[in-house]
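Heads up: the structure comes next, in C-alpha cells.
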Protein chains: 2
Amino acid sequence: MAAPKDPRPCSIADTLAVVGEKYSLLVLREVCLGNGRFDQLVRNIGAPRDILAARLRRLVEAGVLTKRAYSEHPQRFDYRPTAAGLELEPVLMALKEWGDRHLRHNTDLPMAMEHSCGHELVPVVTCRACGSPVHHDDLTAHPQTPGWTVRGPAATS
Amino acid sequence: MAAPKDPRPCSIADTLAVVGEKYSLLVLREVCLGNGRFDQLVRNIGAPRDILAARLRRLVEAGVLTKRAYSEHPQRFDYRPTAAGLELEPVLMALKEWGDRHLRHNTDLPMAMEHSCGHELVPVVTCRACGSPVHHDDLTAHPQTPGWTVRGPAATS
DNA sequence: GGAGGTGGGTTTGATTTTCCAACTCACAGG
DNA sequence: CCTGTGAGTTGGAAAATCAAACCCACCTCC
C-alpha cells in the first residue's frame, strides 16, 4: 500500500525528527555537561537566541529535556536531560568519536572523556547478545513493515 | 582568545557540520543498506531531488560517500559508503535504538537487524578499555582547548 | 532611589534553505 | 516514432534561520 512518495518507515528518521534539527544535539551535549541555563547554551553553542528557544520548547515537549525553576524571585530556569534524554548520549558519543578520528587533525585537542575505570573513554558499539564489536558486514537487515523490502517499497501491482 | 560568540570547539559539532543537515544521515542509511541509486534514494527517503543532489555532492566531497559509474552508455551512477562512511554506522545504530525504544509504540515494527552471532542486534556502547557498558554517571569531561572549561569560555581578563 | 547588570527570553526584518513541480538530456525498448 | 528510465537541473513560492534590538522582572551598588 505504500503510496508513492511515502518514505521508508524508520526509527532513525523518527529520532531525527525529534533531535535532528540544527543545534538540537548540541543542546543535548551542553545539558549533559550540566550547562542547562539559557545564556550558557547561547554562548557555548553559538545559536541564535530565538532558534534556541524554539529547540528547547520542542525538546521539552518531546520528553528529552525538562525545564526546572532553580529560583523563584527572580524566576530563573534551567534545562536538564530526562532519562530518555540521557539515553541519547550514545548518539553523542558516536558523533564525537567519528569527529575525533576524522576531523580533528589540524585543530585543538578533542574534549577528553574520562571513564570511571580510569581510562580515557573510547566508545565501542557491541552486540548485547554476543558482546563483540559490531562490524558492518556482520549485519543483515530485515524490514518488518508490510509493503517494504530492504531495496524499497514492494513492487506495486 | 575565545572571542565573544565563538562556540565551544567540539567534534560533535564538527561531525554534525558534515552529516547533520536534513536527510544526510538518511542518505547514509540507504547507502549502507546498499541502495545507492538516485531514484532509490528519492523514493526511500522522500527528499526533494534537488536537496538530495546537494547532499550527495557534499557527502562525496567530505569523503563519506563515493560516486561510481555502474554503467557507461548510458552513464549511470550510484553512491557507496567509504571506510569513513561505514564508521558512521554507530551513529545510525544509536539513533535507531533510541527510536525503537521511545518512539515506536503505536507504529509498525522496527527494522530488524540480525547480527552474525544469530541474535537480533541490540547495540550497546561500551568502554574499550574496560569493556563495560557506558553510563552517564561514569563519565567526566576534561576540555583540552585553552580558554575553555566544562562550563564555558574561561573568565576573560 | 537611580544606574547598571543579569537571566530568560520575544520581536523585527533581512537572508538562506527548503520545497515542489516541471524540465532536460541521453539512452533503451518496442 | 513513441514512450520510459535514470540522474539530475531550473525556477519560483513557502518556510526556516540569522543578527540585533528590545523587553521585563529582579538584583546589587552607591
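Just so it is clear, the values below take in all heavy atoms, side chains as well, and ignore hydrogens, waters and symmetry mates. Residue numbering restarts at 1 for every chain, and letters A, B, ... go by the order of the sequence lines.
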CD on Glu120(B) to CD on Glu114(B), rounded to 0.5 Å
8.5 Å

Between Ala53(B) and Gly46(A), which is nearer to the 5' end of DNA chain D once each is assigned its nearest nucleotide?
Ala53(B)

Is any side-chain N or O of Lys67(A) closer than 4.0 Å to OP1 or OP2 of dG9(C)?
yes

Measure from CD1 on Ile51(B) to P on dA16(D) and round the result to the nearest Å.
13 Å

Whole angstroms only, please: what is the CZ-P distance between Arg58(A) and dG9(C)?
18 Å

Quick check on DNA chain D: between Asp50(A) and His73(A), whose nearest nucleotide comes earlier from the 5' end?
Asp50(A)

Is the closest basic N to carboxylate O distance between Asp39(A) and Arg49(A) below 4.0 Å?
yes

Nucleotide dG8(C), atom P - distance to CD of Glu72(A) in whole Å:
13 Å

Length of the line joining Arg37(A):CZ and dT6(C):P, which is rounded to integer Å
14 Å

Verify the contact: side-chain N or O of Arg57(A) to OP1 or OP2 of dT10(C), cut-off strictly under 4.0 Å; return yes or no.
yes

For the residue pair Arg76(A) and Phe38(A), would you count it as a cation-pi contact if the rule is NZ or CZ under 6.0 angstrom from the ring centre and within 45 degrees of the ring axis?
no

With a cut-off of less than 4.0 Å, is there a side-chain N or O of Arg43(A) near OP1 or OP2 of dG7(C)?
no

Between Lys22(A) and dT17(C), is there a side-chain N or O to OP1/OP2 distance below 4.0 Å?
no

Side chain of Arg8(A), backbone of Val150(A): donor and acceptor closer than 3.5 Å?
yes

Nucleotide nearest Tyr23(B) (side chain, heavy atoms from C-beta), chosen from dG8(D), dC19(C), dG9(C)
dC19(C)

Just to be sure I understand the rule, does Phe77(B) reach a base, reach only the sugar-phosphate, or reach nothing, if contact means heavy atoms closer than 4.0 Å?
sugar-phosphate

State which of dT10(C), dG8(D), dG7(C) makes the closest approach to the side chain of Tyr70(A).
dG7(C)

Using the six-membered ring of Phe77(B), assess whether NZ or CZ of Lys67(B) lies under 6.0 Å from its centre and within 45 degrees of the ring axis.
yes

When the distance from CZ of Phe38(A) to P of dA25(D) is rounded to whole Å, what number comes out?
18 Å

Candidate nucleotides dA28(C), dA7(D), dC18(D), ranked by approach to the side chain of Asp39(B) - the nearest
dA7(D)

Nearest-nucleotide pick for Arg76(A), side chain only, options being dG6(D), dT18(C), dT6(C)
dT6(C)

Find the distance Leu56(A):CG to dG7(C):P and express it as a whole number of Å.
16 Å

CG of Leu26(B) versus P of dT18(C): gap in Å, rounded?
14 Å

Under 3.5 Å, is there an N or O donor on one side and an acceptor on the other linking the side chain of Arg49(A) and the base of dA19(D)?
no

Nearest whole Å is fine: how far is dT17(C) P from Arg55(B) CZ?
10 Å

